[in-house]
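To keep things clear, I will list the structure first and then write my remarks on it.
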Amino acid sequence: MAGFDWPVLMRAGMRGLGLNPREFWDLTPAELRLMLGEERGAAPMGRARLDELMAVFPDRRDRNGDEP
C-alpha cells in the first residue's frame, strides 16, 4: 500500500478548499476525502472498459474516410 502524497493533499486542502494549516491537520483522511468530493458520483472509466466499448462500438468511416 502506497503512502499519502502529502504535498498534493496539502495543496488540495489549503489552496483548493481554502483551509488553514490547523484546519487541514485537524481533519481525518475520511473527512478530507469527503470535502474533496471523492465520494461523489461514479469513478472515472478505466482503460479496460474503454477498450471494451470501442470493440462493441467501433468508429465507422465511409468510403471517403468521413464519419457517417
CZ on Arg47 to CG on Leu50, rounded to 0.5 Å: 5.0 Å

Residue pair Thr28, Arg33: steps toward the side chain to side chain contact (heavy atoms under 4.5 Å, CB included) verdict: CA-CA 9 Å; Thr28 66; Arg33 283 178 49 190; over 6 Å; no

Any side-chain heavy atom of Leu19 within less than 4.5 Å of one from Met35? yes

Kindly write out the residues that satisfy salt bridge (charged side-chain N to carboxylate O under 4.0 Å, His left out) with Glu52, not counting sequence neighbours, or none if the list is empty. Arg49

Determine all donor-acceptor pairs shorter than 3.5 Å in which one atom belongs to a side chain in residues 3-17; sequence neighbours excluded.
none

Contact list for residues 17-28, test salt bridge (charged side-chain N to carboxylate O under 4.0 Å, His left out), sequence neighbours left out: Arg22-Asp26

